[in-house]
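Working notes for the structure below.
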Amino acid sequence: MEDNLDETSQPELSADEEALVKEMPALTDVGQARRTFLGQSLTSGVGLFALMLLEKEQALAALSAPADAVFAPAAAPENTIRIAMKVNGAAKTLELDSRVVLLDALRERLELTGTKKGCDQGQCGACTVLVDGRRVLSCLTLAATLEGREVTTIEGLARGEQLHPMQAAFIKYDGFQCGYCTPGQICSAVGLLEEARRGEASHVTENVTVNTTSLTDEEIRERMSGNICRCGAYPGIVAAIKEVHSGKETARTWRFVNDDELARVRKEWQTDETV
Amino acid sequence: MRPFKYTRVSDANAAARAVTANPNAEFLAGGTNILDLMKEDVERPNELVDLTRLNLADIKAGPNGGVTIGALAKNTDTANHPLIRKSYPLLTQAILAGASGQLRNMATNGGNLMQRTRCQYFYDTAMPCNKREPGTGCGAREGLNRIHAIFGWSEKCVATYPGDMANALYALEAQVRVRNASGRERSIPIVDFHRLPGDTPEKDNNLERGELIVAIDLPKSNFANNYYYLKVRDRASYAFALVAVAAALDMDGGRIRQARVVMGSVAHKPWRSREAEAALSGKPASEQTFRSASEAALAGAKPLAHNAYKIELGKRAVVRALMRAARLI
Ligand SMILES: Cc1cc2nc3c(=O)[nH]c(=O)nc-3n(C[C@H](O)[C@H](O)[C@H](O)COP(=O)(O)OP(=O)(O)OC[C@H]3O[C@@H](n4cnc5c(N)ncnc54)[C@H](O)[C@@H]3O)c2cc1C
Ligand code: SF4
Ligand code: FES
Ligand code: FES
């Protein structure tokens with residue numbers, strides 16, 4: 001599609017595009033005339049993708065209720081469902097549009113933004129949470145199916161100020177860089193520990209007819225393959241899980257700088273800048 | 001995602017009735033395939049009938065030394081059930097080769113059989129696709145078809161069935177038990193469950209509208225000692241197969257009494273090779289025997305523009321899977 005556009009021109013819309021515009025009644029509410037928006041987005045090469053994003057934004061806007069009104073119904077009255085579940089130990093009752101997945105319910109309604117949205121379609125693991133103690137993907141879990149279930153997110157792992165051993169181990173072994181995948185990695189790792197305790201097998205288990213409760217690095221890698229890390233923090237992740245799983249502490253290979261060292265480095269920087 | 005009505009049912013007949021009554025309703029099990037496709041606007045049901053509360057998750061000994069697996073049992077629980085690990089380890093391996101830990105904790109056996117193709121054109125609503133929209137043409141036939149079929153395809157559709165579990169179920173000659181709205185049950189031999197595309201690629205399988213899978217019945221198996229599920233993919237884990245092989249041998253000393261060879265991700269359904277099985281039966285287990293079986297297995301392959309590699313890959317995968325099954329490597 002053309003990049004150099006005349007912003008005032010009105011592109012012709014196909015029948016499909018016209019139909020789409022009509023299907024989006026609330027577009028004017030976001031402060032832009034529908035036709036202009038569509039024209040811009042289509043000519044700018046973003047096209048239907050942008051429309052989908054916008055549609056999503058509106059759906060999310062409809063989702064978010066005031067913080068003190070968790071019990072209030074979301075805007076869309078059609079197909080509203082009411083569910084009662086436990087989230088990090090607390091009973092929650094939500095009224096939601098039937099389309100809402102657990103990931104969006106957590107982030108947009110319960111203000112639990114620790115759980116991250118990566119791909120939104122099961123391909124990255126960033127949204128991993130525990131449901132009744134088992135690791136699942138919240139982006140492909142319809143909230144409506146969770147009546148009576150117990151959800152644990154990254155926010156629910158620590159006991160007050162006391163980090164979950166897996167959280168502490170991730171810090172100790174530098175199991176992250178940007179941290180975006182980390183809540184999913186940690187929840188996944190916590191789920192994995194239980195699976196290993198039950199003796200569950202994996203794709204790399206040599207003999208699946210016998211129970212395997214002690215995991216090699218290769219086993220940990222395979223069992224964590226559902227969590228992608230764009231920063232490639234995998235060695236630290238495996239080391240962290242290995243320590244918690246085996247209960248054998250390994251020496252940390254790094255430490256935090258102390259105040260003196262920090263001051264020295266800062267000074268060096270300053271001298272560098274003046275050169 | 002388009003709006004839909006969420007319906008919770010308490011028994012199997014009610015579920016079948018609900019989907020029979022509404023031509024735009026679909027069952028919801030683990031949701032890992034249907035919700036993905038709804039987000040992509042490929043599937044557009046106006047009602048989802050939630051099966052997850054149905055009492056169909058048991059795995060128990062069946063008649064005549066077999067085992068019955070509930071349709072709503074999770075993939076993880078099926079793969080790790082003591083009865084399956086002991087008597088059908090090929091099935092355990094196949095399930096564990098699929099998806100990820102999280103997805104297998106969600107995915108059900110019924111939903112796994114019903115999963116749709118991973119053809120990129122099927123997923124992209126801007127592209128023509130006879131499976132998604134009959135009559136629009138097949139984007140992959142003359143397009144990028146590296147992951148597509150080398151067996152049994154038609155001019156209308158060259159997609160593959162992408163799943164792993166079913167490849168083992170074909171080798172184990174499972175039966176799929178289904179129930180309709182009036183409560184009548186029938187058993188479909190797994191080999192007749194999925195279809196070839198022919199002129200109706202929109203139909204993946206031979207389920208009638210509204211029929212609910214209630215169980216998978218496994219007959220007594222002689223393949224608990226010599227088996228191997230080999231999956232070849234673009235990365236080591238968490239990816240669909242380019243070629244998979246479910247191999248099972250019933251051994252009498254060094255001689256093969258009976259063999260099963262099923263290839264995955266090469267056709268619109270798991271591809272059982274009777275030719276390879278015939279080339280194995282009565283023969284000594286050796287690399288030479290396996291090589292001739294692999295030639296027989298791939299002899300009828302018809303590649304597309306970008307997937308001729310699947311033929312050589314398929315041959316090598318068949319040999320390797322059989323070598324592992326025979327414990328020669
Ligand atoms: C990122 C990713 C990677 C994956 N990798 C693999 C892989 O490597 N190998 C593999 O085999 N699979 C893989 N999968 C697919 C996964 O295994 C399937 O999505 C899953 O098995 C479907 O089961 P479900 O219970 O979630 O089905 P759902 O999504 O709930 O349902 C799927 C379909 O089956 C129908 N259905 C469900 N239950 C029944 C029933 N009892 N009777 C009749 N119809 C029913 C539904 O109506 C729907 O049309 C992957 C999926 C994802 C998202
Ligand atoms: S191969 Fe089948 S699924 Fe893929 S585009 Fe062609 S018709 Fe559609
Ligand atoms: S956001 Fe759920 S798997 Fe990527
Ligand atoms: S730490 Fe950045 S994606 Fe994993």
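Here is how names work: the chains are called A, B, and so on, in the same order as the sequence lines, proteins then strands, and each is numbered from 1. It should be emphasised that the depicted structure is a prediction, and the values quoted were computed from it without experimental measurement. Just so you know, these numbers use all the heavy atoms, side chains as well, and skip hydrogens, waters and symmetry mates.
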query = B:Y229 versus A:V208: any side-chain heavy-atom pair under 4.5 Å?
reply = no
request  = Decide, yes or no, whether a salt bridge links B:R235 with A:E222 under the criterion of side-chain N to carboxylate O below 4.0 Å.
outcome  = no
ask   = How close do B:S237 and A:S225 get, heavy atom to heavy atom, and via which atoms?
value = OG-OG, 2.6 Å
message = In the structure I gave you, are the side-chain heavy atoms of B:R2 and A:R99 within less than 4.5 Å of one another anywhere?
response = no
key: Other residues, nucleotides, ligands: >12 heavy atoms within 6.0 Å of B:N55 CG   = no
message = Do B:M106 and A:R134 have side chains that approach each other closer than 4.5 Å (heavy atoms only, starting at C-beta)?
response = no
inquiry  = Counting heavy-atom pairs closer than 4.5 Å to chain A, which one of B:T52, B:T76, B:I84 comes out on top?
reply    = B:T76
key: Spacing of A:L140 atom CG and B:L103 atom CG [to the nearest 0.5 Å]   = 7.0 Å
ask   = Heavy-atom distance under 4.5 Å to chain B: side chain of A:C124, backbone, both or neither?
value = backbone
query = Has the side chain of B:K39 got a donor or acceptor atom that lies under 3.5 Å from a matching backbone atom of A:C139?
reply = yes
query = In terms of heavy-atom contacts, does CZ of A:R230 have more than 12 from other residues, nucleotides or ligands at under 6.0 Å?
reply = no
Among B:R53, B:K5, B:K86, B:K231, residue most engaged with chain A (heavy-atom pairs, under 4.5 Å) = B:R53
query = When rounded to the nearest 0.5 angstrom, what is the spacing between NE2 in A:H203 and OG1 in B:T92?
reply = 13.5 Å
request  = Could you tell me which portion of A:T209 (side chain, backbone, both or neither) has an atom closer than 4.5 angstrom to a non-hydrogen atom of chain B?
outcome  = both
remark   = Looking only at A:V101, A:I81, A:T128, the option with the highest number of non-hydrogen pairs under 4.5 Å against chain B is A:T128
remark   = The interface call for A:V131 against chain B, heavy-atom contacts under 4.5 Å, is neither
remark   = Applying a strict 4.5 Å limit to non-hydrogen atoms, the region of A:I228 in contact with chain B is side chain
note = Tightest non-hydrogen contact, residues B:N80 and A:A201, listed as OD1-N, 2.8 Å
request  = Identify the heavy atoms of B:Q102 and A:G125 that sit nearest to each other, and give their distance.
outcome  = NE2-CA, 4.4 Å
inquiry  = What I'd like to find out is whether the side chain of A:T80 reaches to under 4.5 Å of the side chain of B:Y6, using heavy atoms alone.
reply    = no
query = If you measure from CG on B:D50 to CG on A:L142, what distance do you get to the nearest 0.5 Å?
reply = 8.0 Å
query = Just checking, is any N or O donor in the side chain of B:N105 or A:E195 under 3.5 Å from an acceptor N or O on the other one?
reply = yes
ask   = When you look at B:R324 and A:E206, which way does the salt bridge (Lys or Arg N to Asp or Glu O under 4.0 Å) test go after all the steps?
value = CA-CA 11 Å; B:R324 291 294 302 248; A:E206 191 58 34; 3.1 Å; yes
query = Out of curiosity, B:L35 CG to A:T141 OG1, how far, rounded to the nearest 0.5 Å?
reply = 8.0 Å
Nearest-0.5 Å distance, CG of residue B:L96 to CZ of residue A:R223 = 8.5 Å
query = Heavy-atom distance under 4.5 Å between the side chains of B:R8 and A:E147, does that happen here?
reply = yes
Check against side-chain hydrogen bond (donor to acceptor under 3.5 Å, both in side chains), B:D36 and A:Q123 = CA-CA 10 Å; B:D36 182 21; A:Q123 301 188 358; 5.2 Å; no
ask   = A:N227 versus B:Y238: any side-chain heavy-atom pair under 4.5 Å?
value = no
